[in-house]
Amino acid sequence: SLTDRMGQALRNLRGVGKLTEDNMAEALKEVRTALLSADVHFKVARQFVEDVRQAAMGQEVLKSVTPGQQIIKIINDELAKLLGEGTTGLADKKPLRIMMVGLHGSGKTTTSAKLAKRLMKDGYKPALIACDVYRPAAIDQLETLAKQIEVPCYTDRTSQDVPKIGRTGWDWAKEQERNLIIFDTAGRLQIDEDLIGEIKKLKDKIVPDEVLLVADSALGQEAVNVAKHFHEAVNLTGIVLTKLDGDARGGAALSMKAITGVPIKFMGTGEKTDDFDIFHPDRMAQRILG
Amino acid sequence: IFSGKKLDAASIDELEEALYGADFGVETATEIIDEIQAAYRKDKELRGQDAARIGARVLERVLEGAEAPEDWLGEADPAVICLIGVNGSGKTTTTAKLGWKFKEEGKGVVLGACDTFRAAANEQIKTWADRLDLRLVASHHNADSAAVAYDAWQAAKGDNAKVLILDTAGRLHTKGNLMEELKKIRRVLQKHDETAPHHAWLVVDGSLGSNSIEQARKFHEAFGLTGLIVTKLDGTSRGGALVGIYRELQLPIYFVGLGEAKEDLQPFSVKNYTNALFG
Ligand SMILES: Nc1nc2c(ncn2[C@@H]2O[C@H](COP(=O)(O)OP(=O)(O)OP(=O)(O)O)[C@@H](O)[C@H]2O)c(=O)[nH]1
Ligand SMILES: Nc1nc2c(ncn2[C@@H]2O[C@H](COP(=O)(O)OP(=O)(O)OP(=O)(O)O)[C@@H](O)[C@H]2O)c(=O)[nH]1
Ligand SMILES: [Mg+2]
Ligand SMILES: [Mg+2]
């Protein structure tokens with residue numbers, strides 16, 4: 001754990017009466033390495049360590065008899081605060097329209113079903129709209145999941161016009177008196193101009209209240225660019241981190257949040273439609289620091 | 001950064017950022033930066049392009065032997081290729097791409113749909129098989145994946161097919177019971193050909209970070225890997241985790257995935273990889 005790794009660096013702080021720049025620097029070097037090995041973006045790790053240094057050179061730590069422990073606490077608190085800032089709930093309205101976007105294989109289709117299932121417990125009447133017209137059997141996949149959770153699903157296997165499918169799906173959902181409409185979209189690269197154009201057009205047609213980036217928690221350093229480009233294109237309102245039932249440290253979460261400011265709202269914790277939870281920033285902080 | 005300009009502290013910092021940005025991870029990024037720093041201490045006239053050359057040299061040294069050997073398919077009939085890996089890495093799509101590649105080479109191919117768990121997994125691979133006119137052996141949802149592997153092997157044998165490609169369900173390496181399921185597939189194959197599977201490849205999503213290394217360790221421990229495929233390198237990620245995997249496990253990287261279409265599969269080339277980074 002970070003505490004273990006910082007052990008040596010911090011032991012030097014323990015006997016020391018006063019915290020200095022020098023003994024602080026060694027401890028912070030450990031923090032930076034911990035963050036980088038957790039896949040936190042290079043610049044984000046640097047900025048975070050700098051923010052910790054500023055906080056640690058503050059009065060309480062300087063007066064403390066256990067500066068090492070104080071610093072660990074500052075690190076954990078700073079990280080949890082950064083991760084948890086922003087509105088982590090969904091827009092409180094009915095009807096509610098949610099557009100799911102993200103890279104290939106991140107978990108959008110599965111998460112669409114998970115979200116529908118969870119919100120049913122909160123009294124919503126969901127509908128799922130299949131807007132992935134490219135991936136083989138993507139519509140079958142969403143339809144199968146929808147049947148499993150007993151939610152109506154709009155599909156159109158004859159069209160390749162995604163904005164039109166979205167719009168028609170919305171009308172269909174309204175007719176069915178559904179008040180939570182979740183639009184699943186195809187995986188796409190943030191640099192694919194045509195496909196980014198497609199979700200922009202879809203967004204114009206369905207005017208979603210929420211646009212959620214579904215992101216694999218094990219993403220590497222490019223997570224920042226991915227989040228940034230999707231945010232610039234469709235103005236994200238939230239991030240869903242998936243596959244947290246794995247053992248990825250999840251530094252991408254910090255990177256995406258720190259750079260775009262988009263709040264992390266949910267986490268996927270398994271393959272079943274029940275494996276879904278609201279985001280816990282303190283747990284994520286522990287995980288990233290290892 | 002890798003230009004004709006002289007290096008300085010700022011540009012070395014930029015270099016370090018680029019190395020981490022490629023997902024090389026602490027060990028490899030540090031090795032390259034240390035070597036560049038050492039060269040810079042000796043020669044203050046060092047330029048960006050010299051630093052690039054050092055980086056490329058280190059990478060080529062670390063990735064020596066990382067390409068697929070010549071004539072790797074082998075003499076077995078059928079040669080059995082098993083694709084495994086975590087959820088969403090690109091196994092099913094890669095199964096289709098590989099099947100198409102071998103068919104284009106005039107070889108008989110059979111695909112085995114051993115993901116009997118995920119919603120519409122059968123429909124997905126069936127759509128590919130129909131599109132590419134490849135023989136597919138599949139069963140019903142929730143069937144025993146090892147039984148499908150067995151049936152697929154029998155079909156390949158009966159067809160006198162040269163290649164059998166088994167697609168498996170995505171699974172996280174942290175799930176013991178799912179790793180056990182993989183071992184069962186291996187045991188069943190070995191009942192019919194004790195040398196099978198001849199190729200066991202981990203399909204790794206190129207956009208992931210250091211966790212890919214842990215994936216490789218655990219899958220190797222549980223199933224025994226003979227190689228890697230790195231997908232989604234058409235994105236902006238550099239797939240640097242493959243360096244960490246190769247450093248530790250010395251498994252050749254057979255192919256890279258460069259898109260969603262059947263042709264988007266290329267043999268891995270160390271030269272191309274280092275040029276893309278340090279070009
Ligand atoms: N273990 C685990 N698997 C997950 C989680 N979320 C999704 N998956 C799995 O990840 C794989 C990909 O999920 P999909 O829902 O198909 O992903 P997608 O983003 O819709 O994929 P594309 O539409 O191809 O871009 C599937 O095997 C899912 O079962 C999660 O939180 N944990
Ligand atoms: N851009 C790009 N997308 C890819 C590549 N390989 C696969 N994909 C896409 O990634 C997504 C997931 O691919 P699948 O083949 O379903 O992945 P999988 O490993 O079989 O997924 P599970 O069976 O659910 O674990 C799909 O949208 C594919 O089209 C690639 O090389 N580049
Ligand atoms: Mg999908
Ligand atoms: Mg699959």
Side-chain angles (χ1 to χ4, degrees), chain A residues 33-34 36-43 45-46 103-110 113 134-148 186-192 215-226 229 242-243 245-252 268 270-271 273, chain B residues 13 16-27 29-30 86-93 96 117-128 130-131 141 169-175 178 205-212 214-215 218 231-232 234-241 259-260:
Chain A
T33 305
L36 289 171
S37 67
D39 298 324
V40 174
H41 188 269
F42 188 81
K43 281 205 168 93
R46 164 171 294 162
L103 297 176
H104 306 86
S106 62
K108 298 174 293 300
T109 304
T110 312
Y134 307 107
R135 170 175 153 153
I139 298 178
D140 295 330
Q141 184 186 5
L142 189 66
E143 219 172 28
T144 301
L145 290 169
K147 279 206 195 81
Q148 275 178 27
R188 70 203 63 223
L189 299 175
Q190 83 278 12
I191 51 168
D192 187 327
D216 194 317
S217 57
L219 276 179
Q221 298 256 325
E222 275 300 301
V224 162
N225 284 333
V226 173
H229 278 91
T242 61
K243 308 176 202 173
D245 44 321
D247 57 7
R249 298 259 295 279
E271 295 194 66
T273 50
Chain B
D13 188 68
E16 195 184 12
E17 180 178 349
L19 294 173
Y20 276 100
D23 287 319
F24 281 145
V26 178
E27 189 180 7
T30 307
V86 305
N87 307 74
S89 64
K91 299 173 293 299
T92 303
T93 309
F117 168 74
R118 207 207 65 212
N122 275 347
E123 288 81 345
Q124 183 186 5
I125 193 168
K126 179 160 196 326
T127 304
W128 273 113
D130 290 346
R131 198 185 280 185
H141 182 65
R171 69 203 68 221
L172 292 184
H173 51 290
T174 46
K175 314 237 159 132
L178 297 182
D205 183 331
S207 66
L208 303 188
S210 58
N211 194 246
S212 299
E214 184 62 9
Q215 291 175 18
K218 288 284 163 335
T231 61
K232 310 181 198 174
D234 46 318
T236 53
S237 296
R238 304 302 186 118
E260 300 187 75

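In what follows, chains are A, B, ... by sequence order, proteins preceding strands, each numbered from 1.
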Of the backbone (N, CA, C, O) and the side chain (C-beta and beyond), which part of [X] lies under 4.5 Å from a heavy atom of chain A, both, or neither?
{"X": "B:Leu208", "result": "both"}
{"X": "B:His173", "result": "side chain"}
{"X": "B:Arg238", "result": "neither"}
{"X": "B:Asn122", "result": "neither"}
{"X": "B:Asp13", "result": "both"}
{"X": "B:Glu260", "result": "side chain"}
{"X": "B:Lys126", "result": "neither"}

Proximity breakdown for [X] and chain B, heavy-atom pairs closer than 4.5 Å:
{"X": "A:Glu143", "value": "neither"}
{"X": "A:Ile191", "value": "side chain"}
{"X": "A:Asp245", "value": "both"}

Largest heavy-atom contact set with chain B, pairs under 4.5 Å, which of [options]:
{"options": "A:Leu219, A:Thr144, A:Val226", "answer": "A:Leu219"}
{"options": "A:Ala38, A:Pro136, A:Ala137, A:Gly105", "answer": "A:Pro136"}
{"options": "A:Gly251, A:Gly187, A:Gly246", "answer": "A:Gly246"}

Measuring only between side-chain heavy atoms, which start at C-beta, is [X] closer than 4.5 Å to [Y]?
{"X": "A:Arg135", "Y": "B:Gln124", "answer": "yes"}
{"X": "A:Glu271", "Y": "B:Asn87", "answer": "yes"}
{"X": "A:Asp247", "Y": "B:Asn211", "answer": "yes"}
{"X": "B:Arg118", "Y": "A:Gln141", "answer": "yes"}

Quick one: side-chain contact (heavy atoms from CB on, under 4.5 Å) partners of A:Asp39, sequence neighbours excluded?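 Residues passing side-chain contact (heavy atoms from CB on, under 4.5 Å) with A:Asp39: B:Ser210.
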
Nearest heavy-atom neighbours spanning [X] and [Y]:
{"X": "A:His104", "Y": "B:Asp205", "answer": "O-OD2, 4.3 Å"}
{"X": "A:Gly220", "Y": "B:Asp23", "answer": "CA-OD1, 3.4 Å"}
{"X": "B:Glu16", "Y": "A:Phe42", "answer": "OE1-CZ, 3.7 Å"}

Interatomic distance, B:Thr236 atom OG1 to A:Gln190 atom CD [nearest 0.5 angstrom]: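 Rounded to the nearest 0.5 Å, the OG1-CD separation comes out at 4.0 Å.
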
Can you tell me if A:Glu222 and B:Ser207 form a side-chain donor-acceptor pair at under 3.5 Å?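 No donor-acceptor contact under 3.5 Å links the two side chains.
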
